[in-house]
Amino acid sequence: MATHAPLEEALLKGDSSVRNNSDPDKTRADEKLNCYSNAGFFSILTFSWMSTLIALGNRKTLDLKDLPLLPIIDSAYGTFPTFRSKLESECVGVSKVTTLKLAKGLFFSTWPGILLSGLFAFLYTCASYVGPYLIDILVQYLNGEQKFKNEGYILALAFVAAKLMECLSQRHWMFRFQQVGVRTQSMLVSMIYTKSLTLSCQSKENHSSGEIINLLTVDAARIGEFCWYMHDPWMAVLQVALALLILYRTVGIASLAAFGATVIIMFLNLPVASMQEKFQHKLMGFKDERMKITSEILKNMRILKLQAWEMKFFSKIVQIRKNEETWIKKFLVGSAIVRFLFFNAPTFVAVVTFGACVLIGIPLESGKILSALATFRILQMPIYSLPDTLSVIAETKVSLDRIAAFLSLNDLKTDVVEKLPWGSSDTAIEIVEGNFSWDLSSPDITLKNINLTVCHGMRVAVCGTVGSGKSSLLSCIIGEVPKLSGIVKVCGTKAYVTQSPWIQSGKIEENILFGKHMDREKYEKVLEACSLTKDLEVLPFGDQTIVGEKGINLSGGQKQRVQIARALYQDADMYLFDDPFSAVDAHTGSHLFKECLLGLLKTKTVIYITHQVEFLPDADLILVMRDGRITQTGKYNAILKSGTDFMELVGAHKAALSSITSLERRPTSKTLSFTVEETDSLSVFGLDQKAEHIDDQNGKSDEIVEPKGQLVQEEEREKGRVGFKVYWNYMTSAYGGALVPFILLSQTLTMALQIASNFWMALATPVSATAEPAIGSFTLMVVYVALAIGSSFGTLARAVLSAIAGYKTSTLLFNKMHLSFFRAPMSFYDATPSGRILNRASNDQSALDMSIANLVWGFTFSLTQLFGNIAVMSQAAWQVFIVLIPILAACIWYQRYYSSSARELARLVGICEAPVIQHFSETISGSTTIRCFGQESRFNDTNMKLIDRYSQPKLYSASAMEWLSFRLDVLSTITFAFCLAFLISFPNSITVPGIAGLAVTYALNLNATQFSLISNLCNMENKIISVERIFQYTSIPSEPPLVIEDSRPDRSWPSFGEIHIHDLQVRYAPQLPLVLRGLTCTFTAGAKTGIVGRTGSGKSTLVQTLFRLVEPVAGQILIDNINIASIGIHDLRSKLSIIPQDPTMFQGTVRSNLDPLEEYTDERIWEALEMCQLGNEVRNKEGKLDSKVTENGENWSMGQRQLVCLGRVLLKKSKILVLDEATASVDTATDNIIQQILKQYFSECTVITIAHRITSILDSDMVLFLNQGLIEEYDSPKKLLENKSSAVSQLVAEYTRRSNSGFES
């Protein structure tokens, strides 16, 4: 089991000893073994099994390792297999899931819990009506009518026993259904995860990862929360029936009027509820869209900042949010109406019933009135919860529909490839008459008439121009492309290396082992072959360094090599490499080819795609591809003579090589000025050493700097009580808190008027049928109705004002937080996994939009109600204070004692959710690799552990709540018992029996009020953490200003494009070493400068400093004599152009990808497309410029995406152009086209190229060779090549030697 632990440890680095339920020997020995499973009857009854945990939480800040294990029955390991088998037997395989079958599967997997909670709900309902039934009898007894001896004490006993029964059954009902909720959620999340590993590419194209993550975070959670409302429909019927029985006994036929009023109110709710459901549905649609775009933006923030586009994309999100807000507004208005209807329901029913009594002539006595009032108050619950229940049922159905639809999406067909066991055939791979297409609905076939036979141990190279179907060929061998016809047979296990590296967050070692056991000798060999040994020596923690999300703190080349090492370590029978050499420099490329393909893999079957002709001569078979067909096959020399396609590729390569020789004859025309820092620390061995900690990017926002310089730190979480400041900031965000006094005033008025109306009825009616009424029926009702109308207006004002305040606050904080992280420096993104930001933008923001305002104002209202109850009780028996004061003190003490644990549990829930999401999104993006390596079960296992880690604090948080509620219930029952005992023992001290009855009516409600107060308080404390987390992200240190008005450069700047660098020193974070150690040089205006150097010499860092993604520690960069640090970063970045290393496209259209700022006409865009050779490609698409681009541009090949990036630059036409290994993913011919285009259109510009292909910088005017952050050589290529000892000339010699002869010769 231990092999699964590390990733989880990396995701949740708080706990090194990973604790899960899947290893019985270790876990069962744990003395803190699940306390729930071992608890006795009394302990379960009173929730005492939670006491140890709560006591611990009171002594120290709780951590995951302090929590007891989940019982097997509550863990994903225990529940998921049952659920899956039920669903499969129900649906004949999972792909035929319907909503009904999914609901049935969930019910039958959790039915014992559902039935048990139902039983408790039934007991609770019956017990709650005993009090109202007995009140009339009590009032008569206090009036002197004693039917038998000790009647008073027996009455009191019955009251108290019913109250205790009610408390106990309510607590256990709530605990059970939450337990069922946690189980349901983990079953669904496991199911969605398992499904996402088997989705076909087409299904994936129609569902972005953002949408699937929403199924996980929103829909599965919503279905889990449905358990709260599960029993409400039948309970409502039972409650109304019991209420009518009691009313019939007290007010006779007028009870029908009460029934009518109840039905009217219930029906008034239905249109509002269905309206709410519609709003909710719209809201979810916009939220999905917003999350989709946010997640794409976070993935590509580096590109957006380099292009100065981030504010445009920010406004895109703000726009979607505006649409979302329209529906939030409507939803909140709906909620206010619902609230108004419900708080006034008892009053309305009472007015109608008493009015009917007066009309029919049924005498009203105080006992009957009090009994009726107590009943109406209980009746408020089913009326109140009915619309809620209906809308939750509707929401749950929507969520079930969404999940069922997802589960019934098409899976990858497993019969595309016939898998043969190793040794059963002489051929490793055989494809006969294969036709394949990514999109089955489209007439275009991706691969046509493929015939291929590869024997064991063969080395096969695949080459061809951009978009010719090379990657698709590998994908069809591993079974990823849908097959139209033909046969594919594969014999043995496969390892696959993708073109764009997929790295998991976690230790480098785990990425390489990828689930295998450590074999130290083999591991060292693999590191050596992938030339990772030196890189790891320089990293602060070696192979234990934790890699950020998507390998963020490794350079492109390092990511690629880690990926190759992962494949080599698997020791598979055949290896498929998708252009592995493009992301590494020439020297490393040849090392990889020699050591991996010709060394470790010499006996294996290897198929490799390459654009570099020098890797072709060593292949046993070369496949040349064009337009989805294999046009030529054979050995290098054979096919060189036989056809045109291969000739073109090789010809392009030869042309590149000839540029080296022509250098000798080229006059050096441009004048060049440069200085090289003299340094004697250069050594021959220094060449391969990696001086910088991280090549492409690294850094941590300053607030997370710790001495242990890991890049990605454990998520920061506040400790201790949520400060009052957070509440204060929340309450005063909207209109500076101007609404707060009005909300409090309306709450107090509502309560005062409600109590006054009840007092009026108790005082103005006679105690018994024999007594004469003091006030006429008409006056009685007029006063009562007037008070009732007053209190209902108070309720309306309160509902509307709190909705306005909540809406305003959530809107303000949304804008503040998003602006804050859009303006954050790149170092923030490098150190923050996107899951953390997405969590705040989705879950925390949802809580802010929908529930926090209700909780905050619900808490203040419950407080007002509690004071009202106490005031009424003290009217009849002030002696109640003797008990009340110590009991209130005990309640407050309990609440404080519990809250430190509850708060940390709630925080842990928040923190444990992010890793589930992050692991999930990593799995979606790496599913091809995971499937090819056959690692699905290990990933499923990790996912279940992470779910259990999330369920742990969730379940214990619910249990802690019940632990507290049970104790508070007992305390309020003691107050109630004392009040009754006093009234019965000293009946003479009572002035009016009616008031005594009213006191008991309010006392009956005491524990409900107290419970709603405490639960509002606890929920508020838990949810306010969302506000706290959002506040954390409203104050991220920001990048320098976008525009500095006082020092804006001319519109024409830079008019020449001269770049002068003086003593430039750069490091990524204060605790890390310098990456650039004092560079001084000048890039002449209009000159082409090539920058070379080993991986990690500081090439990319120099570019990032030029664009101010990283600010220098010392030194400066001048462009046309303007210090770039003195102008705004948008003014700088918008005037520079870059074609970045990873070609990026965004979801949208071709037009929005080329010109997101909408600055250019269609003519200009078509021109640019023509120039970058994509004109015909786009013309052939249905929508032309408006044709669709899917998430990450997945429906375009890597090379085409690179050409789109070129198109952006051609549109922008800046004076300074930076190519950051821009042609890494295109073939030599396309590379030459790009070079020609650049020569043609950028001849007057300053061009800086960072290149891995030595040929692409040889026709530069100058070459800068960087080594360990220092300039080692800077001269014209001609001079450097003449000097045979120069580093550049050694690189070129190696390249030429390799190209002419191959490696093995």
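- A perpendicular orientation is assigned to the rings of Phe47 and Phe175, their planes being inclined by more than 60° (bins at 30° and 60°).
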Show your working on side-chain contact (heavy atoms from CB on, under 4.5 Å) between Phe867 and Thr864 and close with a plain yes or no. CA-CA 5 Å; Phe867 288 140; Thr864 320; 5.9 Å; no
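- Counting heavy atoms from C-beta outward, Val182 and Gln178 have side chains that stay 4.5 Å or more apart.
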Go through it in stages, so that I can follow the logic: the residues are Ile546 and Phe541, the test is side-chain contact (heavy atoms from CB on, under 4.5 Å), and I'd like the CA-CA distance, side-chain angles, deciding distance and then a yes or no. CA-CA 8 Å; Ile546 287 172; Phe541 295 85; over 6 Å; no
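- To the nearest 0.5 angstrom, Thr809 atom OG1 is 10.0 Å from Met731 atom CE.
- A donor-acceptor contact under 3.5 angstrom links the side chains of Gln1032 and Arg840, judged on distance only.
- Between the side chain of Asn1016 and the backbone N or O of Ser1012 there is at least one donor-acceptor pair closer than 3.5 Å.
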Test ring pair (Phe, Tyr, Trp, His ring centres under 6.0 Å) on Tyr894 and Trp963 and set out the steps. CA-CA 10 Å; Tyr894 262 121; Trp963 176 91; 5.8 Å; yes
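- Of all non-hydrogen atoms in Leu106 and Ile223, the two that sit nearest each other are CD1-CG2, 4.1 Å.
- Tyr897 OH: more than 12 foreign heavy atoms inside a 6.0 Å radius.
- Between the side chains of Gln845 and Asp849, at least one donor-acceptor pair of N or O atoms lies under 3.5 Å.
- Between Met187 and Thr110 there is a side-chain heavy-atom pair separated by less than 4.5 Å.
- Using a 4.5 Å cut-off on side-chain heavy atoms (C-beta onward), Arg949 and Pro915 make no contact.
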side-chain contact (heavy atoms from CB on, under 4.5 Å) between Trp857 and Val740, worked out: CA-CA 10 Å; Trp857 300 117; Val740 175; 3.9 Å; yes
Please test Lys954 against Gln185 for side-chain contact (heavy atoms from CB on, under 4.5 Å), starting from the C-alpha separation and ending with a verdict. CA-CA 11 Å; Lys954 206 171 163 159; Gln185 192 175 348; 2.7 Å; yes
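- In this structure, Asp844 contributes its side chain and Ile1030 its backbone to no donor-acceptor pair below 3.5 Å.
- When every heavy atom of Ser862 is checked against every heavy atom of Thr1009, the shortest pair comes out as O-CG2, 3.9 Å.
- Expressed to the nearest 0.5 Å, how far CE of Met50 lies from OG of Ser959 amounts to 5.0 Å.
- Residues Thr79 and Ser109 have side chains not in contact (no heavy-atom distance under 4.5 Å, counting atoms from C-beta outward).
- Using a 4.0 Å cut-off between charged nitrogen and carboxylate oxygen, Asp66 and Lys60 count as a salt-bridge pair.
- Within the 4.5 Å cutoff, the side chain of Phe976 has heavy atoms near those of the Lys163 side chain.
- For Leu866, the CG atom sits in a packed shell: over 12 heavy atoms of surrounding residues, nucleotides or ligands are nearer than 6.0 Å.
- For Arg907 and Glu1028, the salt-bridge test passes: some basic side-chain N is under 4.0 Å from an acidic carboxylate O.
- Side-chain atoms of Gln918 and Ser505 form a donor-acceptor pair, as typed in the model, at a separation below 3.5 Å.
- A salt bridge does not link Glu225 with Arg222: every distance from a Lys NZ or Arg NE/NH1/NH2 to an Asp or Glu carboxylate oxygen is 4.0 Å or more.
- Counting only distance, with no hydrogens or angles, the side chain of Thr1034 and the backbone of Phe1031 share a donor-acceptor pair below 3.5 Å.
- For the pair Ser190 and Ile947, the minimum side-chain heavy-atom distance is below 4.5 Å.
- You'll find the side chain of Thr1001 stays beyond 4.5 Å of the side chain of Val872, heavy atoms only.
- Across all their heavy atoms, Met230 and Ser117 have their closest contact at CE-OG, 4.3 Å.
- Atom CZ of Arg1029 sits about 10.0 Å away from atom CE of Met817, to the nearest 0.5 Å.
- In this structure, His231 contributes its side chain and Gly118 its backbone to a donor-acceptor pair below 3.5 Å.
- With rounding to the nearest 0.5 angstrom, the CG atom of Asn839 is 9.5 Å from the OH atom of Tyr1033.
- Atom-to-atom distance recorded for Asn58:CG and Ser900:OG is 4.0 Å, nearest 0.5 angstrom.
- Nearest heavy atoms, Arg171 versus Phe966: CD-N, 3.4 Å.
- For Arg377 and Tyr1002, the positive end sits near the middle of the six-membered ring, less than 6.0 Å away and at most 45° from its axis.
- For Ser43 (side chain) and Trp49 (main-chain N/O), a donor-acceptor pair under 3.5 Å exists by modelled atom type.
- Tyr129 places a side-chain N or O within 3.5 Å of a backbone atom of Gln239 that can act as its donor or acceptor partner.
- Contact between Gly113 and Arg176 at its shortest, heavy atoms only, is O-CB, 4.4 Å.
- Side-chain contact, Thr942 with His919: no donor N or O sits under 3.5 Å from an acceptor N or O.
- Rounded to the nearest 0.5 Å, atoms CD1 (Ile917) and SG (Cys912) are 11.5 Å apart.
- Arg183 and Asp74 make their closest contact through NE-OD1, 2.6 Å (heavy atoms, listed as atom of the first residue, atom of the second, distance).
- Under 3.5 Å, the side chains of Tyr124 and His172 contain no donor-acceptor pair of N or O atoms.
- Using a 4.5 Å heavy-atom cutoff, the side chains of Phe881 and Ser874 are in contact.
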